2 protein chains.
Amino acid sequence: MPNKKARTATVAGETAANVRDAEAARATLLAVAAQEFATRGFAGARLEVIAAEAGITRAMIYYYFGGREGLYVAVLEDAYRAIWKAEQALATQALGPQEALRKLVEFRVNYYIDNPTFVSLVSIENQHKARHLKRSRSVTSSAAPSLAHTASILAQGQALGVFRKDIDVVDLYQVIVSLGFFNASNRYTFGAIFGRNALDAAPVRRFVSDVVLRYVAVTPTTKGKKT
Amino acid sequence: MPNKKARTATVAGETAANVRDAEAARATLLAVAAQEFATRGFAGARLEVIAAEAGITRAMIYYYFGGREGLYVAVLEDAYRAIWKAEQALATQALGPQEALRKLVEFRVNYYIDNPTFVSLVSIENQHKARHLKRSRSVTSSAAPSLAHTASILAQGQALGVFRKDIDVVDLYQVIVSLGFFNASNRYTFGAIFGRNALDAAPVRRFVSDVVLRYVAVTPTTKGKKT
DNA sequence: GTCTATATATGGATAGAC
DNA sequence: GTCTATCCATATATAGAC
């Protein structure tokens, strides 16, 4: 797949180096495509540009992914895989429920700020009513561990009597994602209107954690207080 | 401006009917354009389609708005004007701070659900880093009353001792908008992954109000409890 | 498997008639 | 002020050479 190496390797005959090359080339193509789709949208992305920056020709995109749509779906799947994989690293830490929840919130706030391409791809996919995402078994089936992570923190806090019992885990998940995602996704319009810099992460982490911890707390936490 | 009425009226000679016609035609064009831009994006919108649905020709868009960009900016300005105007209707009600805040939250949750065109336009504008919005004095200068509304509720609650003193009004504003906006803007991907229907507004209004009221409360409110 | 070349389509912007 | 007609640029998708 990469530049001009005339190989005749069949699937059965692939060497380790071949596989590495093919995977690296695929990764490069996906990274370039993610960037281009995120910047110009699904229809606006130029296959020409993607191919050129990945060091291949347009025809290869058709050959490997069948065209624009196949490439775009692969990019989306990759993007979700990445955030969930990053989140799973948090799950191994042994912390009390409040601290675990705070870490989770901070992870989300940071991830969206640090990965504008992911944020744009998700926004774009919503403009297409998640038409492509719905067709991807890979994405819709692999969200479970992410939700389970939040659920386990919630359950732990409830068992210890520090979190309310009447919290729905999907509500909580939505609250965390909403606050984190919006801060990054709408930073330009919100910033233009209210003169805020969403990339200044520390104050955002602070008030978002505050909101979430107070939402679940049985009694008001004093952790988030500024005074 | 509307269909095939050969008029020779100058600006000075405009009759009331002329003005009404011109305004109605402009409103039609803006409504059609808003829909098309929201659906297909800034670059993806076809001027051809907009013109046809508004009952005019492409050339007229150039004549009146100078082209795609001028039309798009007018659409954006109109969209913000509309939400702020709708919000101002709330400001006249005489309520206690908790009830006023709840009404404000519910208004926002409902508005984003009921106005998907607005939500899409804002999302699209963020994908363009608010390039057009920044140039529009009309929008950036008219946000003040909206923020003032939230500020006055906050101040009232603080004066009565029911809201915390250490709440930043822009933080509060951002929390409300984040929760409401995301619910509508990301309903497709979130719904596809977690099987939620964001358009079922009642439960969303409930937990979002709960989150916001607990955020500002000096003591935990029991209003939001389900048990 | 990868490239070059091309057939084909689309739509933006504007000139000019009325 | 409004329409018709046209020029022109851009990109997709694929056929065919190597």
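Note that the structure is a prediction, hence the values are computed from the model and not measured.
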Pairwise N/O distances under 3.5 Å, protein to nucleotides 9-12 of chain C:
from   : atom 1 : to      : atom 2 : distance (Å)
C/dG12 : OP1    : B/Leu47 : N      : 3.4
C/dG12 : OP1    : B/Arg68 : NH2    : 3.1
C/dG12 : N7     : B/Arg58 : NH1    : 2.8

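The interatomic distance linking B/Met60 (CE) with C/dA13 (C1') rounds to 15 Å, in whole Å. A straight line from CD1 of A/Ile56 to P of C/dT4 spans 13 Å, rounded to a whole angstrom. Per the geometry, CG belonging to A/Leu71 stands 12 Å off P belonging to D/dA13, to the nearest Å. For the pair B/Phe65 CZ and D/dG1 P, the interatomic distance rounds to 14 Å; values are reported in whole Å. The distance from atom CZ of A/Phe42 to atom P of D/dT12 is 11 Å, rounded to the nearest whole Å. One atom, CD1 of A/Ile50, and another, P of D/dA11, lie 12 Å apart when rounded to the nearest Å. For the pair B/Ile61 CD1 and D/dC3 C1', the computed distance is 14 Å after rounding to whole Å.
Taken from NZ in B/Lys103 to CD1 in B/Ile153, the straight-line distance is 11.5 Å, to the nearest 0.5 Å. To the nearest 0.5 Å, atom CZ of residue B/Arg187 and atom OH of residue B/Tyr112 are 13.5 Å apart. Atom CG of A/Leu90 and atom OG of A/Ser146 lie 10.0 Å apart (nearest 0.5 Å).
Within the structure, salt bridge (charged side-chain N to carboxylate O under 4.0 Å, His left out) contacts touching residues 138-155 of chain B (residues at least two apart or in different chains) do not occur. For the salt bridge (charged side-chain N to carboxylate O under 4.0 Å, His left out) condition, the pairs that include at least one residue of residues 133-144 of chain A, sequence neighbours left out, are A/Glu69-A/Arg135. The salt bridge (charged side-chain N to carboxylate O under 4.0 Å, His left out) contacts involving residues 52-64 of chain A comprise A/Glu48-A/Arg58, where partners must be two or more places apart or lie in separate chains.
Residue B/Thr57 has no polar side-chain atom (N or O) positioned under 4.0 Å from OP1 or OP2 of D/dT2. At least one side-chain nitrogen or oxygen of B/Tyr64 sits closer than 4.0 Å to the OP1 or OP2 atom of D/dT2.
Residues B/Ser178 and B/Phe182 form no side-chain contact, since every pair of their non-hydrogen atoms from C-beta on lies 4.5 Å or further apart.
Between B/Trp84 and B/Tyr80, the ring planes are tilted. Angles from 30° to 60° get that label.
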List the atom pairs, donor and acceptor, that lie under 3.5 Å between side-chain atoms in residues 113-124 of chain B and the rest of the protein, sequence neighbours left out.
from     : atom 1 : to       : atom 2 : distance (Å)
B/Asn115 : ND2    : B/Tyr111 : O      : 2.9
B/Ser120 : OG     : B/Pro116 : O      : 3.2
B/Ser123 : OG     : B/Val119 : O      : 3.1

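Taking the C1' atoms of five terminal pairs at each end of the helix from C/dG1-D/dC18 to C/dC18-D/dG1, the two resulting helix axes are inclined by 0°, rounded to 10°.
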